[in-house]
Visitor: 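This is the structure I have questions about; it appears just below.
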There are 2 protein chains.
Amino acid sequence: MYVRCAACPLRVRPAFVQKSDEEVALIEAWKSDHLRLPAGAEFIRPEQTDAELFTLFSGWAFRYKELIDGRRQILNFALPGDLIGLQSSMFGKSLYGAVALTDIELCLLPRRKLGNLFERYPELGYEVTWLGARSESLVDENLLSAGRRGAAERIAALVAGLYKRAETLGLVEDGALELPLTQQHIADALGLSLVHTNKTLARLRAQKLFSISEGRLVVHNLRGVSRFAQHFEDDLAPRPMI
Amino acid sequence: MYVRCAACPLRVRPAFVQKSDEEVALIEAWKSDHLRLPAGAEFIRPEQTDAELFTLFSGWAFRYKELIDGRRQILNFALPGDLIGLQSSMFGKSLYGAVALTDIELCLLPRRKLGNLFERYPELGYEVTWLGARSESLVDENLLSAGRRGAAERIAALVAGLYKRAETLGLVEDGALELPLTQQHIADALGLSLVHTNKTLARLRAQKLFSISEGRLVVHNLRGVSRFAQHFEDDLAPRPMI
DNA sequence: CGCACTATTGATGTATTTCAAGCCAAGTGG
DNA sequence: CCACTTGGCTTGAAATACATCAATAGTGCG
């Protein structure tokens with residue numbers, strides 16, 4: 001069940017910069033494995049010294065940090081095409097963990113080849129940097145939420161952001177998408193308690209801008225959600241995929 | 001008053017990877033200007049399409065985002081040696097603003113040469129990526145604070161983080177350093193109100209772990225601060241400087 | 001059946017915001 | 001030199017958003 005980059009069904013989507021056969025071959029040479037992990041699997045652990053670099057091929061995942069007393073903060077969610085583990089690869093020690101939300105497939109990009117890659121294929125190095133910068137932009141936005149938005153606005157901003165990203169990837173059908181998040185995940189991503197998240201979700205559901213239930217997100221009025229959340233950033237696309 | 005990289009007093013500090021004359025010459029070729037800006041100057045504006053890439057040479061600065069109704073979130077503080085503007089340079093549009101906290105000096109690294117740089121000097125490209133990853137790690141930590149730490153813990157975590165960074169740079173003398181932040185900046189960085197920040201600072205001052213007053217931060221007990229804040233990350237050093 | 005996980009709801013407590021006011025030092029224009 | 005403003009810091013009181021505690025219910029699963 002190995003997926004060859006030359007036959008990758010993901011990279012041909014319009015969300016991504018289309019690459020020449022030559023470039024794809026370079027990436028394929030870098031890719032050393034194609035992993036399948038079950039939901040819940042932690043593929044980067046905090047403090048891990050040999051964490052690898054991955055491209056999420058299918059499914060959802062998240063990065064998180066936690067305090068020693070157990071409080072957990074989800075830093076950002078990753079969707080197919082996202083690069084995970086760049087910090088960990090470069091620093092030689094991971095400052096965060098990464099966990100699969102669904103069953104996932106990962107393309108393994110051995111970090112020991114990362115330096116070499118920059119040497120040999122600078123264009124790819126540039127794209128790695130681009131993806132790293134994009135990852136930071138997601139965290140920036142989440143920090144704005146946690147720091148300055150109220151609970152309902154935070155949830156709306158999360159919905160708007162995820163919806164826009166899913167749409168770019170073609171995961172939206174009839175204004176709806178699979179959302180493999182429990183309310184606990186939402187709470188952990190937004191810096192809220194589980195109970196307050198639940199109550200705020202109920203209130204938002206009553207407003208009919210969107211609703212989350214049974215693992216699905218239905219957005220009835222994206223404009224309304226965006227306005228309420230003051231979330232106006234479009235997803236960055238087309239973007240490189242490695 | 002142009003500062004040549006070959007004579008750069010900053011890069012020779014132990015915080016930074018020491019470079020060969022050849023490498024320094026490459027950076028010097030990239031650097032196109034040396035700017036001096038007064039405190040308060042905004043050198044990257046949100047939405048700006050032609051923002052440049054900078055290395056902060058002297059002084060302090062910060063990146064921020066804001067909501068249209070005026071609520072502002074400081075994303076991270078930048079100290080000498082930090083790279084600012086990588087996202088903006090790569091995306092062709094800035095998703096944040098950057099402002100000088102003190103009078104500052106900036107090394108201007110023209111972004112139009114960035115792609116070329118990766119081609120010609122992959123080692124430098126790698127270091128740019130490294131610095132981008134480090135920048136994300138700072139935001140990650142701030143998100144953990146805003147999402148999961150209480151007000152006093154947030155302030156302590158900010159103090160611990162800034163102190164450790166300043167120490168790495170040799171800015172600490174007798175446990176104290178110049179801290180050019182108003183309480184409003186601290187509030188904006190931590191997602192707190194000004195009033196609550198002020199009261200929490202007073203309470204922390206009474207605990208004598210550290211104190212902030214008259215533009216100086218004095219840390220009496222770094223261990224105690226770190227333990228209270230549950231902040232255990234050391235500053236990443238030595239690190240590249242470009 | 002019992003267990004684990006998720007969603008839900010009410011009651012209560014607390015952290016934080018907002019409002020309002022005053023103080024001090026530094027700068028500015030008369 | 002004074003009146004006046006401005007920015008930063010401080011404090012008390014009231015309001016509110018959010019957290020915590022506690023209990024229930026549905027679902028899938030061994």
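All chains are named by letter (A, B, ...) in the order of the sequence lines, taking the proteins before the strands, and each is independently numbered beginning at 1. Keep in mind it's a predicted model, so treat the numbers as computed, not measured.
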Visitor: Is any side-chain N of the basic residue among B:Lys31 and B:Asp33 closer than 4.0 Å to the acidic one's carboxylate O?
Guide: no
Visitor: At a cut-off of 3.5 Å, list every protein nitrogen or oxygen paired with a nitrogen or oxygen from nucleotides 6-15 of chain C, distance to 0.1 Å.
Guide:
unit_1	atom_1	unit_2	atom_2	d
C:dA7	OP2	A:Gln183	N	2.9
C:dT8	OP2	A:Gln183	NE2	2.6
C:dT8	OP2	A:Asn198	ND2	3.1
C:dG10	N7	A:Lys199	NZ	3.0
C:dA11	N6	A:Lys199	NZ	3.2

Visitor: Taking B:Arg149 for the side chain and B:Gln230 for the main chain, is one N or O donor matched with an acceptor at less than 3.5 Å?
Guide: yes
Visitor: Looking only at side chains, do B:Gln87 and A:Asp140 share a donor and an acceptor under 3.5 Å apart?
Guide: yes
Visitor: Between P on C:dT17 and CZ on B:Arg72, what's the gap in Å once rounded to a whole number?
Guide: 16 Å
Visitor: Which is true for A:Gly215 with a 4.0 Å heavy-atom rule: it touches a base, it touches only sugar-phosphate, or it touches nothing?
Guide: nothing
Visitor: Considering every strand and a 4.0 Å limit on heavy-atom distances, what is the contact class for A:Gly40: base, sugar-phosphate, or nothing?
Guide: nothing
Visitor: Over how many whole Å does the gap from B:Arg149 atom CZ to D:dC18 atom P extend?
Guide: 20 Å
Visitor: Does B:His185 use its side chain to pair, donor to acceptor, with the backbone of B:Thr182 at less than 3.5 Å?
Guide: yes
Visitor: Tell me the closest heavy-atom pair linking B:Ile44 and B:Ser88, and the distance in Å.
Guide: CG2-OG, 4.1 Å
Visitor: Hey, is the main chain of A:Met241 close enough, under 3.5 Å, to the side chain of A:Arg11 for a donor-acceptor pair?
Guide: yes
Visitor: If I take atom CZ in residue A:Arg71 and atom P in nucleotide D:dT20, what distance separates them, rounded to the nearest angstrom?
Guide: 9 Å
Visitor: Between the protein and nucleotides 26-28 of chain C, which nitrogen or oxygen pairs come in under 3.5 angstrom?
Guide:
none

Visitor: Starting at CZ of A:Arg154 and ending at P of D:dC18, how long is that distance when rounded to a whole Å?
Guide: 6 Å
Visitor: For a 4.5 angstrom cut-off between non-hydrogen side-chain atoms, does B:Leu177 reach B:Tyr163?
Guide: yes
Visitor: Who passes salt bridge (charged side-chain N to carboxylate O under 4.0 Å, His left out) against B:Lys65, sequence neighbours left out?
Guide: A:Glu141, A:Glu233
